[in-house]
Amino acid sequence: MNDTMKPLNIVILAAGKGTRMYSDKPKVLHHLAGRPLLQHVLDCATQLQPRQVCVVYGHGGEAVPQAMSQYSAQFVLQEPQLGTGHAVQQAMPHLDDGSHTLVLYGDVPLMQHATLHQMQHAAGNGLVLLTVNLENPVGYGRIVRDAEGDVQRIVEEKDATPEEREISEVNTGILLAPTRELRAWLAKLQNNNAQGEYYLTDIVAMAVEQGLAVHTAQPAHAWEVEGINSKTQLAKLERTWQQVQAAHLLAQGVTLADPARIDIRGSLACGRDVEIDVGCIFEGDVNLGDNVRVGAYSVIRNATIAAGTRIAPYSHIDSSQVGANCHIGPFSRLRPGSKLADEVHIGNFVEVKNSEIAAGSKANHLSYIGDSTVGSKVNIGAGTITANYDGANKHRTVIGDNASTGANSVLIAPVTVGQGATLGAATVLRKDAPENQLTITAGRQQTVPGWKRPEKKK
Ligand code: UD1
Ligand code: MG
């Protein structure tokens, strides 16, 4: 941390009802890019290494603190909600006077750490307002400056004169203030305004009166300060964020069949010459190695895919690791705990769960491989099923290197197929199959002499 900067308290305002969401869920718990709005803000806040984070919540009972219990933040109930100034007042007992206090909004999810950092640098001993210039400033508080261009106060839309409404510089609501002074100003707030609320914005005129510097800063991107009040705004900001991420990937050299048709709900790291077809969804932390290709409409969550692997369309990969030069799909499903070595082929309608498959093995058609350890160069015949569940417990199947299972085999775990073993078609394997031998359990084929098909009675 820069030593000219004071330590930081962060207050996140999240008590608003969100009436226009038409939802029983508190507004800040609605998701953008796969995470609650408030979680985006908390993650950004955490990056600033604050001394204290205080979330002011209001609606939905304990839903907000419960949903965010992984953060070491203070949760303070604001009831009733008497305005933004009143909201910050609720947090004051938790803040220390030696720090600056940064006020963020829980429904403004895409605030970036760099912009806040810039505000910290601008602060000195004064106040910093994050402002933007809008062609259509309707609804926002306006930044009123004097002839020298110094900020005098903020006037809310509903309290503004027609001349003041012409001002295009608006308050984003995000501000940074010295905590000791903030405490004193908040204690003096009045609600004699058009909305009968305690306005946080009234502290600006108090700072000016006291001779404190009021600085302004601007966000690097307009989308950083966009707030969510409705599902329409949520959907719009979601698209904006997806475009931002797609542009980032393109700039790094990733080929996207259509940057408007990719969804990243988390983080996606890509090597060189990665190609991603349309309609893919990436969730959690996904890592794609060099030359990986992802086919259309695949869903990949918390997975690592090593270099050169091809994923054909409609594949679903969750909490798994895939080695280099594998062929996955189309229509493959890798469930949590699947670990594939290099050059493994998993084909259509094959489901793998909590299993390790060593290099060069193939399961190309219609199989279930669960709780299994599969050696290298194994051929899993079409329709092979590991029966891993006895109705009460799960058991493991072990298949040795170079083994081959016949089509439609059922391996009843716990069971081992020895190295180089071959299972005949439709084997129901209840005991271990010895190495390098053919094991057959299906009945002998017979032809019944003299049998005739029944004929329809007249
Ligand atoms: C506020 C600002 C306005 C600014 C605008 C930017 C004030 C008085 N006005 O207006 O200058 O241009 O934001 O969007 O600050 N909240 C609480 N408790 C409350 C009231 C609000 O937690 O009692 C929270 C809301 O959930 C929201 C934020 O504070 O996250 C802002 O509240 P909102 O009602 O949207 O403020 P505006 O009237 O739009
Ligand atoms: Mg309001």
Side-chain angles (χ1 to χ4, degrees), residues 10-21 23 25-30 32 36-38 40-42 45 54-60 64-65 74-92 102-111 127 129-134 136-144 151-160 164-165 167-175 177 182 185-186 189-206 214 216 218-219 222-230 233-234 237:
I10 297 182
V11 178
I12 302 176
L13 302 189
K17 190 164 180 196
T19 313
R20 282 182 281 155
M21 298 297 272
S23 166
K25 190 156 75 173
K27 175 163 73 172
V28 293
L29 296 186
H30 287 266
L32 182 129
L37 300 178
L38 182 55
H40 287 269
V41 182
L42 277 162
C54 194
V55 177
V56 181
Y57 70 103
H59 290 271
V64 169
Q74 291 284 337
F75 291 86
V76 183
L77 181 66
Q78 185 199 14
E79 181 57 51
Q81 285 110 39
L82 303 178
T84 50
H86 178 254
V88 176
Q89 255 168 7
Q90 311 309 305
M92 292 319 289
L102 174 66
V103 177
L104 301 175
Y105 285 4
D107 57 2
V108 178
L110 296 183
M111 201 62 238
L127 197 67
L129 308 175
L130 191 67
T131 73
V132 281
N133 284 283
L134 295 181
N136 177 12
V138 171
Y140 289 92
R142 308 298 205 282
I143 307 295
V144 181
V151 174
Q152 294 302 296
R153 59 195 168 89
I154 296 177
V155 62
E156 292 302 297
E157 164 102 11
K158 287 183 176 145
D159 303 291
E164 287 166 340
R165 285 183 193 176
I167 299 171
S168 63
E169 188 185 8
V170 306
N171 174 32
T172 64
I174 287 152
L175 61 79
L182 178 64
W185 298 328
L186 289 174
L189 286 183
Q190 305 276 317
N191 66 348
N192 52 353
N193 51 53
Q195 301 186 84
E197 288 181 7
Y198 295 92
Y199 289 165
L200 176 61
T201 44
D202 285 351
I203 69 167
V204 176
M206 296 181 191
V214 179
T216 56
Q218 278 73 44
W223 45 259
E224 288 184 49
V225 296
E226 269 179 46
I228 303 297
N229 295 299
S230 67
Q233 288 172 346
L234 180 60
L237 197 58

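Here, residue 1 is the first one in the sequence, and each next residue gets the next number. Order of listing sets the numbers, starting from 1, for every ligand and every atom in it.
- Looking at Gln78, Glu197, Arg142, Gln81 and measuring to atom 18 (N) of ligand 1, the nearest heavy atom belongs to Gln78.
- Polar contact with ligand 1: absent for Tyr140 (N/O pair, distance under 3.5 Å).
- In this structure the side chain of Leu234 reaches within 4.5 angstrom of the side chain of Leu37, judged on heavy atoms.
- Around the OH atom of Tyr199, the shell of radius 6.0 Å holds more than 12 heavy atoms that belong to other residues, nucleotides or ligands.
- Those atoms of ligand 1 with a heavy atom of Tyr199 less than 4.0 angstrom away are 8 (C).
- In summary, the atoms of ligand 1 found under 4.0 Å from a heavy atom of Thr84, numbered by their order in the structure, are 7 (C), 8 (C), 15 (O), 20 (C), 21 (C), 29 (O), 31 (C), 32 (O).
- Contacts between Asn229 and ligand 1, counted as non-hydrogen atom pairs separated by less than 4.0 Å, are absent for every part of the residue.
- Side-chain contact between His30 and Lys25: present, with at least one pair of heavy atoms (C-beta onward) separated by less than 4.5 Å.
- Applying the 4.0 Å criterion to heavy atoms of Ala14 picks out, from ligand 1, the atoms 22 (O).
- Between Gly141, Gly16, Gly85, it is Gly16 that holds the heavy atom closest to atom 16 (N) of ligand 1.
- With values rounded to the nearest 0.5 angstrom, Leu13 atom CG is found 11.0 Å from Leu38 atom CG.
- Between Val56 and ligand 1 there is no heavy-atom distance shorter than 4.0 Å.
- In summary, the atoms of ligand 1 found under 4.0 Å from a heavy atom of Thr172, numbered by their order in the structure, are 6 (C).
- The shell of residues lying under 4.0 angstrom from ligand 1, judged by heavy atoms, excludes Val170.
- Glu169 meets the salt bridge (charged side-chain N to carboxylate O under 4.0 Å, His left out) test with Arg145; sequence neighbours excluded.
- Comparing Gly227, Gly139, Gly83 by heavy-atom distance to atom 23 (O) of ligand 1, the nearest is Gly83.
- No part of Val108 comes within 4.0 Å of ligand 1, judged by heavy-atom distances.
- For ligand 1, none of its N or O atoms has an N or O atom of Ile154 under 3.5 Å away.
- Note that OG1 of Thr172 is 9.5 Å distant from CD of Gln218, once rounded to the nearest 0.5 Å.
- Two residues are said to be in side-chain contact when any heavy atoms from C-beta on lie closer than 4.5 Å; Arg142 and Glu157 meet this criterion.
- Summarising the geometry, atom CD belonging to Glu156 is positioned 8.0 Å from atom CG belonging to Asp202; distances are rounded to the nearest 0.5 Å.
- The shortest distance between side-chain heavy atoms of Val28 and Ile12 does not fall below 4.5 Å.
- Under a 4.0 Å criterion applied to the non-hydrogen atoms of Leu13, ligand 1 contributes the atoms 22 (O), 24 (C), 29 (O), 30 (O).
- Here's the thing with Tyr105: one of its N/O atoms is less than 3.5 angstrom from an N/O atom of ligand 1.
- For ligand 1, the polar-atom distance check against Glu156 finds a nitrogen or oxygen pair separated by under 3.5 Å.
- Between Ile154 and Leu129 there is a side-chain heavy-atom pair separated by less than 4.5 Å.
- In Ala15, the parts holding a heavy atom less than 4.0 Å from any atom of ligand 1 are both the side chain and the backbone.
- Among Asn193, Val132, Asp107, the residue whose heavy atom lies nearest to atom 30 (O) of ligand 1 is Asp107.
- In this structure Ala160 satisfies the side chain to side chain contact (heavy atoms under 4.5 Å, CB included) test together with Val155, Glu164, Arg165, sequence neighbours excluded.
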